[in-house]
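Scroll down for the structure; my scribbles are underneath it.
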Protein chains: 2
Amino acid sequence: MTPADAGKATLDPSPGSVAAQGSSAATDASETHEKPVRPMRADARRNYDKILATARIVFTERGTDSSLDEIAKRAGVGPGTLYRHFPTRAALVDALMQDWTDRVAADADAAIATGQPAREMLLGWFEHFIDHITLHRGAASKICAAMDDPASPMYRKCRVMGDANRRVIEHLDARGELRTGVDPANVMRLVSGVASVADTSHAELDVRPMLEVVVDGIVRA
Amino acid sequence: MTPADAGKATLDPSPGSVAAQGSSAATDASETHEKPVRPMRADARRNYDKILATARIVFTERGTDSSLDEIAKRAGVGPGTLYRHFPTRAALVDALMQDWTDRVAADADAAIATGQPAREMLLGWFEHFIDHITLHRGAASKICAAMDDPASPMYRKCRVMGDANRRVIEHLDARGELRTGVDPANVMRLVSGVASVADTSHAELDVRPMLEVVVDGIVRA
DNA sequence: CCACAATACGGAGACAGTCTCCGTTTCCGC
DNA sequence: GCGGAAACGGAGACTGTCTCCGTATTGTGG
């Protein structure tokens with residue numbers, strides 16, 4: 001669509017890798033037998049990128065439930081092309097998620113690096129996390145659903161975010177600042193739940209008070 | 001889009017009362033001018049009931065996102081009839097909610113009556129609450145959305161449930177067992193969020209651990 | 001008990017979104 | 001350049017939402 005994105009090219013989902021269309025979970029068969037993974041054809045890559053750039057815009061404007069055909073149209077490709085690259089909506093959201101999973105992981109480490117007391121650290125981390133996953137309306141609840149569904153294309157990236165969270169929790173736990181028996185996975189669900197509520201809610205509600213309750217339920221009394 | 005928001009007509013099949021479609025959500029203009037609320041015609045009431053009964057079955061079987069046309073078909077009425085009685089899906093869910101709002105309110109009072117310590121009482125109450133609002137798949141997140149949206153047909157009943165929750169919280173607060181500054185509305189959102197996560201999740205996950213965190217965040221340390 | 005206005009019915013069909021199939025076009029290695 | 005593999009794109013099948021309006025039902029006043 002706009003000439004801008006053609007040039008900037010939000011390329012390369014992962015460094016040096018070629019976009020693989022089969023989101024099969026078993027893809028790292030790197031040792032047994034290398035698939036003859038040939039690089040994407042030039043036009044394919046061009047369309048892939050155009051679709052992704054357009055999706056980012058449309059999802060930001062109207063949320064992750066926007067019409068996919070419209071995204072295709074605005075990207076200047078046929079519906080068939082969109083569905084070939086992204087067989088499901090989740091696959092498309094997933095491709096977009098790449099950006100933030102990186103940032104989320106970085107945020108977690110940054111939070112740990114601050115060395116703040118548990119309460120402040122958690123509050124900060126949770127707020128950043130929520131900011132990221134509510135970037136596109138509707139994304140938070142999709143993440144909630146994917147988190148415990150290995151069949152979802154987004155499952156992998158949910159794990160990355162889950163790992164980031166686990167690092168923070170375990171760090172604080174090692175410092176002895178948490179209650180006993182805090183399960184990182186549950187914390188993750190809880191915080192995503194808060195994100196989801198905030199995202200779905202018609203009112204612009206502040207997540208802070210809810211997060212405070214969660215944090216108080218986690219830190220050692 | 002649709003003139004959905006114009007819809008009101010939350011019919012109230014409460015015992016003995018006759019459904020009145022004119023009753024706008026905004027005003028009980030009961031004093032200025034009585035609407036000539038005439039009783040529903042026999043065939044109308046018959047269909048209304050049939051639709052509701054069918055919806056209860058279908059929503060239980062396949063969740064609250066099932067096709068409305070299918071409900072109409074299975075109820076043996078035309079789509080037009082369904083949409084006349086229930087202009088939006090929310091209106092239909094709302095009508096079904098009547099059952100549980102009553103039960104939820106009763107549960108809250110029962111919880112208070114037990115006189116248990118805060119932790120047990122809250123845990124019990126929250127679990128009952130979640131059991132009710134996750135009866136039909138998809139309902140929990142709709143309730144989350146309606147809770148802070150006065151325009152939703154379900155808003156009224158969300159308030160009833162919110163009031164029930166407030167009673168429990170305030171009771172415990174009066175007993176001095178809660179932290180200072182606990183906001184019932186936020187607790188409600190949080191617990192509904194947990195319900196929503198559990199409901200959306202593909203895995204059958206236990207809400208207990210999450211509720212424990214919330215409860216620990218609420219009760220006095 | 002009948003006529004007839006008000007009320008409700010129901011289904012055809014407009015509309016929107018998802019997703020696929022397959023004839024056509026584009027790319028890239030030779 | 002040429003040829004086959006890879007990718008395109010759009011017509012259209014399908015599903016679900018929601019409306020319009022001719023027809024049927026109801027219950028009331030004569």
Side-chain angles (χ1 to χ4, degrees), chain A residues 1 6 18-23 35-52 54-55 58-59 61-93 138 142 153, chain B residues 1-9 11 13 18-22 35-52 54-55 58-59 61-93 138 142 153:
Chain A
M1 52 149 315
V18 182
Q21 45 210 137
S23 53
K35 274 288 179 61
V37 242
R38 78 183 56 230
M40 239 175 172
R41 238 173 65 171
D43 53 348
R45 151 124 271 145
R46 211 181 311 136
N47 282 329
Y48 180 94
D49 290 337
K50 255 194 298 184
I51 292 168
L52 222 45
T54 308
V58 176
F59 280 177
E61 283 174 9
R62 301 213 235 303
T64 53
D65 287 322
S66 323
S67 157
L68 296 183
D69 274 26
E70 195 202 308
I71 292 176
K73 196 167 294 171
R74 280 177 59 169
V77 304
T81 301
L82 188 148
Y83 283 99
R84 195 170 332 99
H85 285 302
F86 307 100
T88 64
R89 181 185 298 277
L92 184 51
V93 174
K142 285 181 178 58
Chain B
M1 264 227 64
T2 61
D5 29 281
K8 23 185 154 209
L11 304 188
V18 184
Q21 47 206 144
K35 275 289 179 58
V37 244
R38 79 181 55 231
M40 237 176 172
R41 235 173 68 172
D43 54 348
R45 153 124 270 143
R46 211 181 312 136
N47 282 328
Y48 179 95
D49 290 339
K50 256 195 297 184
I51 292 169
L52 221 46
T54 308
V58 176
F59 281 178
E61 282 174 10
R62 300 214 236 303
T64 53
D65 288 321
S66 325
S67 157
L68 295 184
D69 274 25
E70 195 201 309
I71 291 175
K73 196 166 296 173
R74 281 177 57 169
V77 305
T81 300
L82 187 149
Y83 283 98
R84 194 169 335 99
H85 286 302
F86 308 100
T88 65
R89 170 178 255 100
L92 185 50
V93 174
K142 285 181 177 59

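Predicted, not measured: the structure shown is a model, and the values here were computed from it. Numbered from 1 within each chain, the chains take letters A, B, ... in sequence-line order.
- Contact between the side-chain N/O atoms of B:Ser67 and the OP1/OP2 oxygens of D:dT15 is not found at any separation under 4.0 Å.
- Nearest-nucleotide assignment on DNA chain D puts the 5′-proximal partner with A:Gly78, out of B:Glu70 and A:Gly78.
- Residue A:Ala75 comes nearest to A:Ile51 through the heavy atom pair CB-CA, 4.1 Å, listed as atom of the first residue, atom of the second, then distance.
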Note to self: A:Lys142 vs A:Asp65, test: salt bridge (charged side-chain N to carboxylate O under 4.0 Å, His left out). Steps then yes/no.
What the structure shows: CA-CA 10 Å; A:Lys142 285 181 178 58; A:Asp65 287 322; 2.9 Å; yes

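- Here D:dA7 presents its C1' atom at 14 Å from CG of A:Leu82, a figure rounded to the nearest Å.
- Considering only the side chain of A:Tyr83, C:dT18 comes nearest among C:dT18, C:dG10, D:dT17.
- Nearest approach of A:Thr64 to A:Gly138, heavy atoms of both residues: OG1-C, 3.3 Å.
- Open room surrounds NZ on A:Lys73; 12 or fewer heavy atoms of other groups in view lie less than 6.0 Å from it.
- When distances run from any side-chain atom of B:His85 to the nucleotides C:dC9, C:dG10, C:dC19, the shortest one goes to C:dC9.
- Of the side-chain N and O atoms in B:Asn47, one or more sit less than 4.0 angstrom from OP1 or OP2 of C:dC9.
- With sequence neighbours excluded, the residues that form a side chain to side chain contact (heavy atoms under 4.5 Å, CB included) with B:Ser66 are B:Val58, B:Phe59, B:Arg62.
- Judged by distance alone, the side chain of A:Thr81 and the main-chain N or O of A:Val77 form no donor-acceptor pair under 3.5 Å.
- A:Phe86 has its CZ atom 20 Å from the P atom of C:dG17, to the nearest Å.
- If you measure from atom NZ of B:Lys50 to atom P of C:dG10, you get 7 Å, rounded to the nearest angstrom.
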Listing time: all N or O pairs from protein to nucleotides 28-30 of chain C that are below 3.5 Å?
unit_1 : atom_1 : unit_2  : atom_2 : d
C:dC28 : OP1    : A:Ala42 : N      : 2.8

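- Rounded to whole Å, the distance from NZ on B:Lys73 to P on D:dT17 is 11 Å.
- In this structure, the CG atom of A:Asp65 is 17 Å from the P atom of D:dG16, given to the nearest Å.
- At the heavy-atom level, B:Thr81 lies under 4.0 Å from base atoms of the strands shown.
- Look at OH on A:Tyr48: it is 17 Å from C1' on D:dC8, rounded to the nearest Å.
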Item checked: salt bridge (charged side-chain N to carboxylate O under 4.0 Å, His left out) between A:Asp49 and A:Arg45, worked out -> CA-CA 6 Å; A:Asp49 290 337; A:Arg45 151 124 271 145; 3.6 Å; yes

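- When the nearest nucleotides of DNA chain D are assigned to B:Gly80 and B:Arg46 by heavy-atom distance, the more 5′-ward of the two goes with B:Gly80.
- The side chain of B:Val77 has C:dG10 as its nearest neighbour among C:dG10, C:dC19, D:dT17.
- For B:Ile51 and C:dG10, the CD1 to P distance is 9 Å, given to the nearest whole Å.
- Distance A:Ile71 CD1 to C:dC19 C1': 15 Å, rounded to the nearest Å.
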